There are 2 protein chains.
Amino acid sequence: MSLRHAVLGLLSEEPASGYDLMKMFEISLSNVWPATQSQLYGELGKLAEAGLVDVSAEGPRGRKEYAITEEGLAELRRWITEVEPTRVTRSDMLLRVFFLAQVSPDQARAYLRHQAELVRERLENLEGVRGFLREREDNLSVHGRITLEYGLRLGKAQLEWAEWAEGQIR
Amino acid sequence: MSLRHAVLGLLSEEPASGYDLMKMFEISLSNVWPATQSQLYGELGKLAEAGLVDVSAEGPRGRKEYAITEEGLAELRRWITEVEPTRVTRSDMLLRVFFLAQVSPDQARAYLRHQAELVRERLENLEGVRGFLREREDNLSVHGRITLEYGLRLGKAQLEWAEWAEGQIR
DNA sequence: AGGACCATGTAAAGAGTTACATGATTAT
DNA sequence: ATAATCATGTAACTCTTTACATGGTCCT
């Protein structure tokens, strides 16, 4: 149930509407915990019902601004410190590598080369995020940079692996 | 729909029953594409209905052995070479890092230290898999080693990141 | 007036998890 | 005998995705 905590986390910085959250998910959480608009509105409803958030204001166009409650903040902290992260690794990219014997060595190498290219693009994209984050000093940016560094480091490792793997075929 | 292709991939090596596949998923695919027993039997039914696999033999205790069809093999190859891998990264571990400002610096550092420890355990586990794979020369083992190398390299990057990140707090 | 954007919601389908349910065969 | 393992299946629930549906407000 991490979507719930992603929403609580964003609301712990400042109150926001479903629409605002949607934008925040797109900008800052898309690489960590993507969510759709549809999911967001549903979750906000459940969160309000559970008393973890409140409708703090209403605006034009039926806008409802939600604020985290004390209970919600407590739940967020409990989740951060007490709940063990679940390790679910599902990678259809890697699944293909596992079965690469089913295609020709040329196709296999092309596949790995293509993966390397995709990772390069992703790294460029992350460098863009780095630029966006530079100079900003709020909580989310500080920890956003730490999270970003994770993406950068793992991306580089992935790139080196893809290049190495290509050399391993035949 | 990658579960489908994971099953096709395993069946491309040799025919197997749902029970056999279950064991194979546990041993070799648990770090790449985990699946439950329940999912497997459902998928085999759908795969048979779609003509991608056949019941090739029946044994004691209602055992049904499935074999991949030509159509199934074609679909597997198409999926490997033509379908773009989907990049879905969801990490509740990283999500917590993003919101680490909500707990004390001590708690935050403890969290990162704990993550480092978990990665170390995971790396040890992967070294065990490496031992298991050593000397084996079948298709799945060869590509299994390439897949394993991925886990090892990314695990190491993750470990270094966690240690670096701990130093970044305050 | 019209386009861009703000804003919320519902429905249906697909995937994955957990638990339940049942029974046969093999080895000690 | 009985425990371990082989073997298959269903049900209920949660999460995620995609599509549909609707309308208000702001800016030029």
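As the structure is a prediction and not an experimental result, all values here were calculated from the model. Chain letters run A, B, ... following the sequence lines, proteins first, then strands; residues in each count from 1.
Side-chain atoms of Tyr41(A) lie closest to dA7(C) of the nucleotides dA7(C), dT16(D), dC6(D). Side-chain proximity of Tyr19(A) to the nucleotides dT18(C), dC5(C), dT8(D) is greatest for dC5(C). With distances taken from any side-chain atom of Lys64(B) to the nucleotides dT17(C), dT8(C), dT8(D), the minimum falls on dT8(D). Checked against dT18(D), dT16(D), dA7(D), the side chain of Thr36(A) finds its nearest nucleotide in dT18(D). Here dG16(C) is the nucleotide among dG16(C), dC6(D), dG9(C) with the atom lying nearest to any side-chain atom of Trp33(B).
Take Arg61(A) and apply the salt bridge (Lys or Arg N to Asp or Glu O under 4.0 Å) test, not counting sequence neighbours, and it matches no residue.
When heavy atoms are screened at a 4.0 angstrom cut-off, Arg4(B) is found touching no nucleic acid atom at all. Within 4.0 Å of Met22(B), counting heavy atoms only, lies no atom of the nucleic acid at all.
A salt bridge does not link Arg63(B) to Glu58(B): none of the charged nitrogens lies less than 4.0 Å from a carboxylate oxygen. A salt bridge links Asp138(A) with Arg136(A): the closest approach of a Lys/Arg side-chain nitrogen to an acidic carboxylate oxygen falls below 4.0 angstrom. Contact check on Glu124(B) versus Arg130(B) returns no salt bridge, with no Lys/Arg side-chain nitrogen under 4.0 Å from an Asp/Glu carboxylate oxygen.
A straight line from CG of Leu40(A) to P of dG9(C) spans 11 Å, rounded to a whole angstrom. The separation between Glu58(A) atom CD and dG9(C) atom P is 10 Å, rounded to whole Å. One can place CD of Glu43(B) at 11 Å from C1' of dG14(C), the figure rounded to the nearest angstrom. Taking atom NZ of Lys46(B) as the reference point, atom C1' of dA13(C) lies 11 Å away to the nearest angstrom. Distance, Met24(A) CE to dA7(C) P: 13 Å, rounded to whole Å. For the pair Gln39(B) CD and dG16(C) P, the interatomic distance rounds to 5 Å; values are reported in whole Å.
Relative to the six-membered ring of Trp164(B), Arg153(A) meets both conditions, a distance below 6.0 Å and an angle of at most 45° to the axis.
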Checklist outcome for this item: Readout for nucleotides 19-24 of chain C: B = base within 4.0 Å of protein heavy atom, S = sugar-phosphate only, - = neither; 5' to 3' it is B---BB
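Leu94(B) has its side chain out of reach of Trp33(A): every pair of non-hydrogen atoms, C-beta onward, lies at least 4.5 Å apart.
Between Ser2(A) and Gly62(A), the residue anchored closer to the 5' end of DNA chain D is Ser2(A), taking for each the nucleotide with the nearest heavy atom.
Under a cut-off of 6.0 angstrom, the local environment of CD in Glu49(A) is sparse, with at most 12 non-hydrogen atoms contributed by other residues, nucleotides or ligands.
Under 4.0 angstrom from either OP1 or OP2 of dA15(C) there lies no side-chain N or O belonging to Arg90(B).
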